[in-house]
Amino acid sequence: MHIVLARSADGGVVATRFVESGDDGGNELGIEPVAEPVSDLAAFVRTEEQARPRWVWDDTSRWYPELLAQHVRVERCHDLRLCHTILRYSQLTSGSALAMAQHNEWDAPAVAIVRREPDGALFELDERQEPGLPTDPLAEFRLQRAAVAASEEPGRIGRLLAAESAGALIAAEMRFAGLPWRAAEHDAILTGMLGARPAVDGERPAKLQELLTRLRELLEAPELNPDSPADLVKSLGRAGLIVTSTRSWELKKLEHPAIAPLLEYKKLARLLSANGWHWLDTWVVDERFKPDYVPGGVVTGRWATSGGGALQLPRQIRGAVVADDGWKLVVADASQLEPRILAAMAGDRDMVTAGAAGDLYAGIVASGAVETRDQAKVAMLGAMYGATTGESGRLMPRLARAYPKAIALVEHAARAGERGEIVSTRLGRSSPLPGAGWQQAQSQAYDETATQAQTARARSEARSWGRFTRNFIVQGTAAEWALCWMASVRRRLTALAGERWLTDAPHLVFFLHDEIVVHCPAELAHIVADEIRAGAAEAGTLLFGPLPIEFPLTVAIVDNYGQAK
DNA sequence: CACGGGTGCGCG
DNA sequence: AAAGCGCGCACCCGTG
């Protein structure tokens, strides 16, 4: 059963039930649905949830947080906006009325309803301000059902929509629970590396100030601001150090007494500005880090974040992520996920076999394709990213001889992209088309009047788009695997919880593309680890059926995140 | 003063 | 060793 929730013009909530009608594939929605007003949303959802419906709503981020705040969880949902975006572009539904229709309000990104102030307070923004067209979830849901039903692969696209929606629920729940964060520990890390917090915001902490003073002396540049690349290049030049950029790896090649303190300054300045005390004040509230996850925020289907930089948490400060007393963190990451995804997608049995023993790169070396593990790794990255030069570019052909099926798959995706065509992931998320400027440059390149520079530029842009589509199928399918994994883990943890509320039982607290963190009572940690492993196996089957491919995990049971890996 | 592009670096 | 994919964020600096 589905229950569609909508907001009426007067701000009230209206619910409409759908009951599946036999085996018609879901296109027809059976008896004509009746809308009913809902006065107490939380109570309504809590009651109806016992029948395990799938809740249908415009944006999970606009409905679910307030339910969670009232301690109401839902098992399943259908996020209309996220699903609309998938169906709009998917090659599996390209002939549908939804895909053929003009762009409309469902193509617009969800509007954030809260913003975070530096003091940690939440600032409420207006509800969707843009006038737009009135959204009709019911009509949109019908269009989406029809698009899936008419697809040649309703199973695949249906699984993708379910996984994407589950991801939206998980994002809201992780935001609600937050990542356990010890502000005092974070402060201790900062103080140890930078010196005490300055009394006045904006002043440099002691260690940074010392480094700056030394740098200015060593470079004889009393006014130097190392945060300004232009200023730095100039000052280095006056000291006889000619550089075209101030990137760390570039500076490392130089021999000069100022280089070591400069690299140290850059490292500490980065820590201070990205994850210093200001970040701590803004994003950590009541010993929890609560970032805004953005499911589907990346074209490939990966999540993004908005504010807080949750997906870039530096290793330096992971020691501040500490489990509550009597609790543990179970940290699990999928080993070598993307190359394994590639092997599975291509059905390349030799590459699958190479990874079967645990270390795919070691397996590639054992097959004789390359000599060292580092070579295997660099060559695989080159294959997935489209390297043409350097060691990676040189090693790739050897990989192609050893694993023709896997390499042919990414080469095929690259050629399609170069021609301006669409490619798709395993479950049917499709790449966007290149922009109008790209198309125009390509057609002009074959024009007789095209200059050599124009032709070269067009070729370069074509190859660049080919690298994007080459990577899209792998990164996007890996993102699907991760969503299925996480959805499975969530289901298993919910079963484990019984009647206990979300944060009183094992629950997901972090997700990082191919890695998850579960916060759980210490005595359940080993059971949780088993469930996480079972979830990975389930995700593999969901995507690749009976293909005997393993997605091995590295699982660590720790007190703080810094201890993992 | 606000805005936006460029740079650099954190993560996968 | 620094090439090839996807991001977000802080900072600098030129422009309006």
Side-chain angles (χ1 to χ4, degrees), chain A residues 202 225-234 243-253 262-263 265-276 278-279 282-283 291-318 333-339 341-342 372 374-375 377-396 399 410-411 413-414 417 423 425 429 431-432 460 463-479 481-482 510-516 561 565:
Chain A
N225 174 13
D227 299 326
S228 162
D231 191 357
L232 194 51
V233 167
K234 222 187 309 171
V243 287
T244 50
S245 84
T246 65
R247 296 185 182 100
S248 290
W249 59 263
E250 199 92 43
L251 298 175
K252 272 179 197 145
K253 296 188 289 198
L262 175 55
L263 292 172
Y265 177 93
K266 286 170 79 81
K267 195 180 85 180
L268 295 182
R270 165 77 192 188
L271 174 64
L272 175 65
S273 78
N275 297 99
H278 183 255
W279 180 92
T282 306
W283 292 101
D292 296 322
Y293 297 100
V294 186
V298 180
V299 275
T300 58
R302 276 185 172 184
W303 286 13
T305 52
S306 162
L311 303 184
Q312 310 146 247
L313 265 195
R315 296 186 174 280
Q316 285 168 315
I317 58 163
R318 292 189 184 180
D333 80 283
S335 315
Q336 304 156 341
L337 179 59
E338 292 196 355
I341 288 288
L342 170 55
T372 69
D374 269 4
Q375 285 182 339
K377 187 174 178 176
V378 164
M380 274 305 310
L381 289 177
M384 293 185 300
Y385 294 163
T388 53
T389 62
E391 192 188 12
S392 188
R394 281 195 302 278
L395 289 169
M396 240 270 281
L399 215 54
V410 280
E411 290 295 329
V423 297
T425 60
R429 192 186 308 260
S431 64
S460 161
R463 281 194 299 269
S464 174
W465 195 260
R467 288 194 299 274
F468 165 64
T469 52
R470 167 197 294 268
N471 186 250
F472 181 95
I473 59 168
V474 180
Q475 186 184 121
T477 303
W481 181 90
F510 199 52
F511 172 51
L512 200 55
H513 306 312
D514 61 357
E515 177 174 346
I516 59 174
Y561 194 13
K565 266 200 293 192

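Letters go in sequence order (proteins before strands), and every chain restarts at 1.
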* Separation of dC9(C) P from H278(A) NE2 (nearest whole Å) -> 13 Å
* Which distance, rounded to the nearest 0.5 Å, do you find between the NE2 of H278(A) and the CG of L272(A)? -> 11.0 Å
* CG of L381(A) versus C1' of dA2(C): gap in Å, rounded? -> 13 Å
* Asked: V378(A) near the nucleic acid: base, sugar-phosphate alone, or nothing, with a heavy-atom cut-off under 4.0 Å?
  -> nothing
* State which residues pass ring-ring contact (aromatic ring centres under 6.0 Å, His included) with F468(A); sequence neighbours excluded, sorted by chain then number. => W465(A), F472(A)
* **Nearest to side-chain heavy atoms of W249(A), which nucleotide of dG12(B), dC7(C), dA3(C)** => dA3(C)
* Is the glycosidic angle of dG4(C) within 90° of 0, making it syn, or outside that range, making it anti? -> syn
* Asked: Rounding to a whole Å, what distance do you find between K234(A):NZ and dC12(C):P?
  -> 15 Å
* Between S392(A) and dA3(C), does any side-chain N or O lie under 4.0 Å from OP1 or OP2? -> no
* Asked: Does a side-chain heavy-atom distance below 4.5 Å link V233(A) with T244(A)?
  -> no
* When all nucleic acid strands are considered with a 4.0 Å heavy-atom cut-off, which category describes T246(A): base, sugar-phosphate, or nothing? -> sugar-phosphate
* When we call it a touch if two heavy atoms are under 4.0 Å apart, what does L337(A) touch: a base, just sugar-phosphate, or nothing? -> nothing
* State which residues pass side-chain hydrogen bond (donor to acceptor under 3.5 Å, both in side chains) with Y561(A); sequence neighbours excluded, sorted by chain then number. => E515(A)
* Looking only at side-chain N and O atoms, does K266(A) come under 4.0 Å of OP1 or OP2 in dC9(B)? -> yes
* Using the closest heavy atom to pick a nucleotide of DNA chain C for each, name whichever of K252(A) or H513(A) lands nearer the 5' end. => K252(A)
* Spacing between Q316(A) atom CD and dC9(B) atom P, to the nearest angstrom -> 13 Å
* Does DNA chain C take part in any stems of at least 3 consecutive Watson-Crick or G-U pairs (both distances under 3.5 Å), and if so, which ones? -> B:1-12 with C:5-16
* Pairs flagged by salt bridge (charged side-chain N to carboxylate O under 4.0 Å, His left out) wherever residues 468-479 of chain A is involved - sequence neighbours left out -> E411(A)-R470(A)
* To do: Take atom CG of L395(A) and atom C1' of dA2(C), then tell me their distance rounded to the nearest Å.
  => 15 Å
* Contacts of type side-chain hydrogen bond (donor to acceptor under 3.5 Å, both in side chains), residue T477(A), not counting sequence neighbours -> none
* Considering residues, nucleotides and ligands other than K377(A), do more than 12 of their heavy atoms fall under 6.0 Å from its NZ? -> no
Check nucleotides 13-16 of chain C for protein N or O atoms closer than 3.5 Å to its own N or O atoms and list the pairs.
{"from": "dC13(C)", "atom 1": "OP1", "to": "S228(A)", "atom 2": "OG", "distance (Å)": "2.3"}

* Among dG6(C), dG12(B), dC9(B), which is the nearest nucleotide to the side chain of R315(A)? -> dG12(B)
* To do: Kindly state which residues belonging to residues 301-312 of chain A come within less than 4.0 angstrom of DNA chain B, counting heavy atoms of the residue only, listed by number.
  => R302(A), L311(A), Q312(A)
Identify each donor-acceptor pair in which a side-chain atom of residues 301-315 of chain A lies under 3.5 Å from a protein atom, sequence neighbours left out, and give them as a table.
{"from": "R302(A)", "atom 1": "NH2", "to": "E338(A)", "atom 2": "OE2", "distance (Å)": "3.4"}

* To do: Could you check how far CG of L272(A) sits from P of dG10(B), rounded to whole Å?
  => 14 Å
* Remember a base hit wins even if backbone is also touched, and classify R394(A) as base, sugar-phosphate or nothing at under 4.0 Å, heavy atoms. => nothing
* Rounded to the nearest Å, what distance is computed from the CE atom of residue M380(A) to the P atom of nucleotide dC5(C)? -> 16 Å
* Asked: Of all residues at least two apart in sequence or in a different chain, which pass the side-chain contact (heavy atoms from CB on, under 4.5 Å) check with K234(A)?
  -> R238(A)
* Structure fact -> The side-chain hydrogen bond (donor to acceptor under 3.5 Å, both in side chains) partners of N471(A) (sequence neighbours excluded) come to Q475(A)
* **Residues which pass side-chain contact (heavy atoms from CB on, under 4.5 Å) with K252(A), listed by chain and number, not counting sequence neighbours** => L263(A)
* Return the set of residues passing side-chain hydrogen bond (donor to acceptor under 3.5 Å, both in side chains) with D227(A) (not counting sequence neighbours), or none when no residue passes. => Y265(A)
* Should R270(A) be listed as having a side-chain N or O under 4.0 Å from OP1 or OP2 of dG10(B)? -> no
* Determine yes or no for a side-chain-to-main-chain donor-acceptor pair under 3.5 angstrom, with S228(A) supplying the side chain and N225(A) the backbone. => no
* To do: Nearest whole angstrom, please: distance from the P of dG12(B) to the NZ of K377(A).
  => 11 Å
